[in-house]
There are 2 protein chains.
Amino acid sequence: MTGTDTTPERAPGGASDAALAVSTVIFALRPHETTGRMTLWIPLVRRTRDPQKDLWALPGGWLPVDEELVSAAARTLGETTGLAPTYLEQLYTFGELERSPGRRVVSVVYWAMVQSAEAERAAENENVRWFVADELPLLAFDHNRIIDYALWRLRTKVEYAAIAHAFLGATFTLAELREVHEAVLQRHIDPANFRRTVEASGTVVATGEVVAGTRHRPPRLYRYDASIDLADRGPLGPESVPGTAASGAAAAVSAPSSPPSVPHTGEQR
Amino acid sequence: MTGTDTTPERAPGGASDAALAVSTVIFALRPHETTGRMTLWIPLVRRTRDPQKDLWALPGGWLPVDEELVSAAARTLGETTGLAPTYLEQLYTFGELERSPGRRVVSVVYWAMVQSAEAERAAENENVRWFVADELPLLAFDHNRIIDYALWRLRTKVEYAAIAHAFLGATFTLAELREVHEAVLQRHIDPANFRRTVEASGTVVATGEVVAGTRHRPPRLYRYDASIDLADRGPLGPESVPGTAASGAAAAVSAPSSPPSVPHTGEQR
DNA sequence: TCAAAAGTGTTCTCTGTACACCCATGA
DNA sequence: TCATGGGTGTACAGAGAACACTTTTGA
């Protein structure tokens with residue numbers, strides 16, 4: 001009765017169709033420039049062409065016909081920051097008629113996390129700059145709204161899923177992991193309760209090593225349990241990103257797949 | 001440095017670009033044909049053209065350049081079932097290179113709920129048929145996987161968000177609302193505890209009327225509190241669907257917008 | 001020996017669950 | 001009066017928050 005996916009009365013393929021773009025909201029944790037507290041930062045690129053020229057915008061580009069969505073997100077992310085994401089997930093697809101003046105643009109938006117340590121030595125030049133996530137200027141198109149949504153997604157997901165480690169290296173102390181949670185959620189977390197909660201979740205494994213050199217009791221080092229990690233991503237299974245070898249930790253990229261018939265923990269929402 | 005959204009080195013607009021489609025997973029509750037228990041049903045359309053001809057598929061179509069994504073979803077939904085959705089939300093965008101043979105197709109997929117009562121008198125013919133959601137045949141393209149993900153989304157969201165009422169009419173008893181939860185979650189729910197949980201959430205308001213004619217104590221009728229409803233959808237605000245006047249209840253369509261700076265309840269995840 | 005953070009123990013509150021029990025109606 | 005589901009009361013278990021307290025290091 002009605003045309004279904006890929007069987008229309010009228011086949012698309014002209015200049016009158018909507019243009020498909022991919023953009024990514026990239027998060028990293030770095031100290032705030034004035035307060036010194038750990039804060040969420042986002043790299044943006046300056047627009048050098050005309051719709052909205054000179055405004056800051058999310059990194060992205062048109063989708064090549066022969067490239068996966070997630071690959072396009074990872075590629076443009078790498079071209080901007082010179083880094084590989086440790087986490088990459090589709091956020092939402094924005095396609096309002098008037099979001100880009102003059103032309104219908106549908107943007108599949110991803111959000112990503114990169115490691116704090118590596119973000120320090122990230123490329124920054126005339127056309128690429130890092131901004132504090134909560135102190136953004138007026139951006140191009142609807143990118144302020146997109147980032148607001150990505151921020152909400154990051155903050156709510158950190159509360160129930162074990163993804164905070166994506167900001168850290170391969171091993172970390174529980175104090176470092178707690179600092180990530182506190183920076184993302186913008187509130188104090190009790191160290192004692194945080195320790196018990198994380199240990200009870202089973203998402204983290206002690207390496208047996210400790211960090212020496214502190215002027216207090218040496219903290220233990222932990223590593224992420226990758227086998228648990230998959231279950232924590234809920235219905236999302238791993239997906240490889242061709243041509244995106246992560247520098248350091250392996251990139252954890254998620255996309256929807258068949259949900260487990262029986263929930264593993266009670267964690268996925 | 002790199003082309004950003006809508007400012008590429010190469011502007012798209014040829015037949016070599018990916019085609020943009022919109023599809024919808026539609027849910028309704030109807031009694032199971034053999035067991036008689038309330039079950040999730042999904043309407044599918046038979047493919048009449050060649051990629052995957054004669055297989056059943058999700059209703060949808062190509063995105064017109066001058067139509068909103070959500071409107072395209074609502075329109076194709078109406079063309080299939082003859083009904084208006086009481087809930088409509090974007091699910092995910094699927095764009096794998098080989099998901100459709102011969103052509104690169106990117107599908108923005110929505111999921112919807114329609115009222116059970118109206119679904120009973122929904123159009124069903126040679127090319128449109130309702131299926132039990134958990135007993136699907138092999139479908140066209142990756143539609144089995146898409147429906148699995150939509151099912152997971154519906155079930156997890158019913159657990160924390162007040163959306164079950166979308167399967168019901170304007171007023172309903174708590175037993176009816178509980179029956180929706182039980183059918184969706186596929187498990188028994190204690191009536192006493194369910195009542196207290198729902199009443200405490202404040203998402204429902206007693207109309208003062210009761211249902212007579214039962215051979216037991218007459219149950220009270222409730223109505224949804226629309227003002228609370230918005231907060232329950234988390235970061236998602238209402239969005240109008242032009243040309244989709246709902247037959248009966250107003251359509252609740254959600255799309256992402258700025259998240260509230262302070263979470264209303266603890267409900268949105 | 002002292003400061004500081006790591007790590008442990010204890011208590012309290014809140015939420016969800018199980019289940020006993022009473023209420024109001026039609027047959 | 002009885003069967004049936006509507007509706008209320010209560011007690012128990014687990015999760016999370018608050019906070020006192022002990023441990024281990026470097027200075």
Side-chain angles (χ1 to χ4, degrees), chain A residues 37-38 156 158-162 164 168 171-183 185-223 232 263-269, chain B residues 36-38 156 158-162 164 168 171-183 185-223 263-269:
Chain A
R37 288 184 50 185
M38 270 303 200
T156 52
V158 160
E159 285 191 315
Y160 70 85
L168 301 171
T171 61
F172 45 85
T173 68
L174 289 192
E176 289 171 334
L177 188 62
R178 177 170 50 85
E179 190 181 22
V180 171
H181 277 83
E182 290 184 333
L185 301 179
Q186 294 177 304
R187 61 181 174 86
H188 171 75
I189 297 174
D190 185 279
N193 296 330
F194 181 78
R195 164 179 299 277
R196 270 183 297 254
T197 302
V198 171
E199 284 179 340
S201 73
T203 52
V204 105
V205 178
T207 63
E209 300 168 19
V210 295
V211 177
T214 60
R215 52 193 276 262
H216 53 77
R217 178 169 173 172
R220 301 172 193 157
L221 275 176
Y222 290 82
R223 177 181 34 242
D232 279 355
H264 297 262
T265 65
E267 293 202 357
Q268 66 272 69
R269 292 287 155 76
Chain B
R37 289 185 49 185
M38 270 304 200
T156 52
V158 160
E159 286 190 316
Y160 69 85
L168 301 172
T171 62
F172 46 85
T173 68
L174 289 191
E176 289 170 336
L177 188 62
R178 178 169 50 85
E179 190 181 20
V180 171
H181 278 82
E182 290 184 332
L185 301 178
Q186 293 178 304
R187 62 181 173 86
H188 171 75
I189 297 174
D190 185 282
N193 297 330
F194 182 79
R195 163 178 299 276
R196 271 183 296 253
T197 302
V198 171
E199 284 179 340
S201 74
T203 53
V204 106
V205 178
T207 63
E209 300 169 19
V210 295
V211 178
T214 60
R215 51 192 279 261
H216 53 77
R217 177 169 173 173
R220 301 172 194 157
L221 275 176
Y222 291 82
R223 179 183 32 242
H264 297 261
T265 65
E267 293 203 358
Q268 66 271 69
R269 291 286 155 76

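Quick caveat: nothing in here was measured; it's all calculated off a predicted structure.
The stretch residues 186-198 of chain B touches DNA chain C through D190(B), A192(B), N193(B), R196(B), each having a heavy atom within less than 4.0 Å of the strand. Residues from residues 206-215 of chain B lying near DNA chain C, meaning a heavy-atom separation below 4.0 Å, are T214(B), R215(B) in numerical order.
In this structure, E159(A) and L185(A) approach most closely via the heavy-atom pair CG-CD2, 3.7 Å. Closest non-hydrogen pair, V211(A) versus P218(A), comes out as O-CB, 3.2 Å. The minimum heavy-atom distance linking T214(B) with R217(B) is given by the pair OG1-O, 4.0 Å. The shortest non-hydrogen separation linking I189(B) to E182(B) is N-OE2, 2.9 Å. Pairing each heavy atom of M38(A) with each of A183(A), the nearest pair is O-CB, 3.4 Å. For the pair T203(B) and S201(B), the tightest heavy-atom approach, listed with the atom from each and the gap, is OG1-OG, 2.8 Å.
Across the protein-nucleic acid pair, E159(A) atom CD and dG16(D) atom P stand 12 Å apart, rounded to whole Å.
The residue among P218(A) and R220(B) whose nearest nucleotide of DNA chain D is located toward the 5' end is R220(B).
From L174(B), atom CG reaches atom CZ of R196(B) across 12.0 Å, with rounding to the nearest 0.5 Å. How far NE2 of H188(A) is from CZ of R178(A): 7.0 Å, rounded to the nearest 0.5 Å.
When the side-chain nitrogen and oxygen atoms of R217(B) are compared with OP1 and OP2 of dA3(D), none of them lie within a distance under 4.0 Å.
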- Message: Is there a side chain to side chain donor-acceptor pair (under 3.5 Å) between Y222(A) and E176(A)? Walk through the geometry before answering.
- Response: CA-CA 10 Å; Y222(A) 290 82; E176(A) 289 171 334; over 6 Å; no
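From the 5' end on, the contacts that DNA chain C makes with chain B at under 4.0 Å to a non-hydrogen atom open and close at dT17(C) to dG26(C).
With contacts defined as side-chain heavy-atom distances shorter than 4.5 Å, the pair V210(B)/L221(B) does not qualify.
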